[in-house]
Amino acid sequence: MNYWLFKSEPDCFGIDDLKEMKIEHWDGTRNYQVRNMMRDDIKKGDMVLFYHSNAKKQTGVVGTCQVVREGYPDFTAMDPASEHPDPKHTEEKPIWYMVDVKFKSKFKNPVLLSTIKETPRLDGNRLTQKGNRLSVFPMEKKHYEAIVKMGE
DNA sequence: GCCAACGTTGGC
DNA sequence: GCCAACGTTGGC
């Protein structure tokens, strides 16, 4: 089993939205590195930290979810009314991929970015690496488990 | 709103 | 293939 961190802006789609919907597709990623992970690497059963980025209140990890469907074409790319339409993406030749995730938990204590930076046992995680702007990336098991422990 | 650090685009 | 210009992300 692998572990990941997914970023989302809470104004757009937050942990409470996922909690309500229970299962939702993680659409809208338009970055090739992320696309490759969505298509090839993220497997059913993998665990995901849900991260709120650009948050007015609290920027940090706010809960967890689990992958319930592996990579398939992001149909929102074909919808001109969607957030990120891409005319090059077609049914025959999809470019963008997404996975489905299922809500697992909302943290009692969100693990803030500032806390993650200050916690020595989280050293080396990708979130706080300089220049990392990917909205999806792998987490080491020990970091995943440490963050869940802190959150709950 | 600012800006650093990318990623993407397109002319050549 | 190079690289300048531009767009985006996301913390602050």
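Since the model is a prediction, treat every value here as computed from it, not as a measurement. Letters go in sequence order (proteins before strands), and every chain restarts at 1.
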Residues A/D74, A/T76; criterion side-chain hydrogen bond (donor to acceptor under 3.5 Å, both in side chains); working and verdict: CA-CA 5 Å; A/D74 179 351; A/T76 69; 2.5 Å; yes
Interatomic distance, A/L134 CG vs B/dA5 P [rounded to whole Å]: 16 Å
Given C/dG10, C/dC12, B/dG7, the nucleotide with the shortest approach to the side chain of A/K117: C/dC12
side-chain N/O A/Y51 vs C/dG11 OP1/OP2, d < 4.0 Å: yes
Between B/dT9 (C1') and A/D86 (CG): distance, integer Å: 13 Å
Phosphate OP1/OP2 of B/dA4: any A/K130 side-chain N/O under 4.0 Å: no
Length of the line joining A/H84:NE2 and C/dT8:P, which is rounded to integer Å: 9 Å
Exercise: identify the closest heavy-atom pair between A/S8 and A/F50: CB-CE2, 4.1 Å
Atom pair distance, as rounded to whole Å: CZ in A/R126 and C1' in B/dA5: 15 Å
Distance below 4.0 Å between A/K7 side-chain N/O and C/dG10 OP1 or OP2: yes
Residue A/Q33, side-chain heavy atoms: nucleotide from C/dC12, C/dG10, B/dG7 that is nearest: B/dG7
A/Y72 and A/D100 side chains, donor-acceptor separation under 3.5 Å: yes
Spacing between A/I116 atom CD1 and C/dG10 atom P, to the nearest angstrom: 14 Å
Interatomic distance, A/N132 CG vs C/dT9 P [rounded to whole Å]: 14 Å
Atom-pair distance (NE2 on A/H52; P on C/dG10), nearest Å: 13 Å
Other residues, nucleotides, ligands: >12 heavy atoms within 6.0 Å of A/K43 NZ: yes
Atom-pair distance (OH on A/Y32; P on B/dT8), nearest Å: 7 Å
Touch class at under 4.0 angstrom, heavy-atom based, for A/E9 against every strand present: nothing
Options C/dG11, B/dT8, C/dG7, nucleotide nearest the side-chain atoms of A/R133: C/dG7
5′-ward residue of the pair A/K88/A/N54 relative to DNA chain B: A/N54
A/W96 ring center within less than 6.0 Å of A/F75 ring center: no
